[in-house]
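One structure is given below, encoded as structure tokens.
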Amino acid sequence: MTTLPIRIAPSILAADFSKLGQEVKDVVDAGAEWVHLDVMDGHFVPNISFGPDVIKSLRPYTTAFFDCHLMISPADPYLEAFAKAGCDGITVHAEAGAHLHRSLQTIRALGKKVGVTLNPATPLSVIENVLDDVDLILIMSVNPGFGGQKFIPAMNDKIRAAKAMIGNRPIELEVDGGITADTIGAATKAGANVFVAGSAVYKGDGIAAYRDNIARLKTAAEDGRR
Ligand code: DX5
Ligand code: ZN
């Protein structure tokens, strides 16, 4: 079974919204291969962030993978708009609607990487019938809506169970929420390879700080693999 590379996906929710384009460019120049875009609608989650037009305006700043996390319900009516805005991967919540398989088929038909995500309380059994329809599984390690929350330790068991469920499938296993140098090692040991980090990356001022923060996370993740 191939071991997928460790990836740090900074969440721009923690960036300075008054200069979002520069913040995206800086974090990629600081070593991030993915940029995590937290879309929030104030309905599925108790917060509002940004929509497709903001993502479209960020697209020209980098060729990095735009990892779009839709915390919206319903999601289906907006999938095409996020695809056209430049998302490379689109991840929907299993809890966002009644027809998850149809949402995943739609993302596939739009030519994007297909992701599914589960809130902390949602059991993995909800996705056991769509494993062959996704490229990425995102395990929420906080209740979605805000950055800066504490990692829920019980989610390491869920990550381990998700990894077992994935088997040999080439599915990226991503974790989102409360990822720091102190929590990333156990999540890596449990089997995750992609790590969303907002407050742990967008800390300090500018590209030098971001580079240190990303390097610290990567080192701690690799230690978790040893
Ligand atoms: C929460 C978002 C997370 C969050 C991560 O709803 O999905 O991506 O921004 O922020 P930190 O890394 O600060 O927990
Ligand atoms: Zn997210």
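We're numbering straight along the sequence, starting at 1. Whatever order the structure lists ligands and atoms in, that order sets their numbers, starting from 1.
- Nearest non-hydrogen protein atom to atom 10 (O) of ligand 1 is G147 CA, 3.5 Å.
- In the vicinity of L13, heavy-atom distances shorter than 4.0 Å reach the ligand 1 atoms 9 (O).
- Counting the atoms of ligand 1 from 1 in the order shown, those under 4.0 Å from a heavy atom of V196 are 8 (O).
- Of the N and O atoms on the side chains of D133 and Q105, not one donor lies less than 3.5 Å from an acceptor on the other residue.
- Closest approach of L124 to A162, counting heavy atoms only: CD1-N, 3.5 Å.
- Between A75 and V92, the shortest heavy-atom contact is CB-CG1, 4.0 Å.
- The shortest distance between side-chain heavy atoms of F50 and I12 falls below 4.5 Å.
- Protein heavy atom in closest approach to atom 5 (C) of ligand 1: D176 OD1, 3.7 Å.
- A salt bridge links E172 to R7: one of the charged nitrogens lies within less than 4.0 Å of a carboxylate oxygen.
- Closest to atom 9 (O) of ligand 1 among all protein heavy atoms lies D38 OD2, 2.9 Å.
- Residue E33 places its CD atom among more than 12 non-hydrogen atoms of other residues, nucleotides or ligands, all under 6.0 Å distant.
- Checking only distances, G145 does come within under 3.5 Å of ligand 1, N or O to N or O.
- Protein heavy atom in closest approach to atom 14 (O) of ligand 1: G178 N, 2.8 Å.
- Ranking protein heavy atoms by distance to atom 1 (C) of ligand 1, first place goes to F146 O, 3.5 Å.
- H36 and D38 share a side-chain donor-acceptor pair at under 3.5 Å.
- A salt bridge links D132 and R169; the closest N-O separation between the charged side-chain nitrogens and carboxylate oxygens is under 4.0 Å.
- Proximity of L100 to E95: side-chain heavy atoms (C-beta onward) are nowhere separated by under 4.5 Å.
- With a 4.5 Å cut-off on side-chain heavy atoms, D176 and H69 count as touching.
- Close approach of ligand 1 to M71 (heavy-atom distance below 4.0 Å) involves ligand atoms 6 (O), 7 (O).
- By the 3.5 Å distance cut-off applied to N or O atoms, A200 is not counted among the residues near ligand 1.
- The shortest separation from a heavy atom of G148 to ligand 1 is under 4.0 Å, placing the residue in contact.
- With a 4.5 Å cut-off on side-chain heavy atoms, F65 and V194 do not count as touching.
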Between V45 and F146, does a side-chain contact (heavy atoms from CB on, under 4.5 Å) hold up when you go through it step by step?
-> CA-CA 9 Å; V45 291; F146 303 93; over 6 Å; no
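- Taking every non-hydrogen atom of H36 and a distance limit under 4.0 Å, the qualifying atoms of ligand 1 come out as 8 (O).
- Heavy-atom neighbours of D205 CG from other residues, nucleotides or ligands within 6.0 Å: at or below the threshold of 12.
- Enclosure of atom NZ in K158 by more than 12 non-hydrogen atoms of other residues, nucleotides or ligands within 6.0 angstrom is indicated.
- Of all the atoms in ligand 1, the ones that sit under 4.0 Å from a non-hydrogen atom of P144 are 6 (O).
- Near M40, the atoms of ligand 1 lying under 4.0 angstrom from a non-hydrogen atom of the residue are 6 (O).
- Not one N or O of N143 is nearer than 3.5 Å to an N or O of ligand 1, by distance alone.
- The atoms of ligand 1 that sit less than 4.0 Å from any heavy atom of H69 are 7 (O).
- By the criterion of a separation under 2.8 Å, the protein N/O/S atoms near the Zn ion (ligand 2) amount to H36 NE2, D38 OD1, H69 ND1, D176 OD2.
- Below 30°, between 30° and 60°, or above 60°: for H93 and F44 the angle between ring planes is between 30° and 60°, a tilted geometry.
- Where the criterion is an N or O separation shorter than 3.5 Å, residue side chain and backbone included, G177 fails it with respect to ligand 1.
- The protein non-hydrogen atom at the shortest distance from atom 13 (O) of ligand 1 is S199 OG, 2.5 Å.
- Of the polar atoms of G198, at least one N or O is found under 3.5 Å from an N or O of ligand 1, judged by distance alone.
- Salt bridge R211/D29: absent, no basic N to carboxylate O contact under 4.0 Å.
- Using a 4.0 Å cut-off to heavy atoms of M140, the atoms of ligand 1 that qualify are 7 (O).
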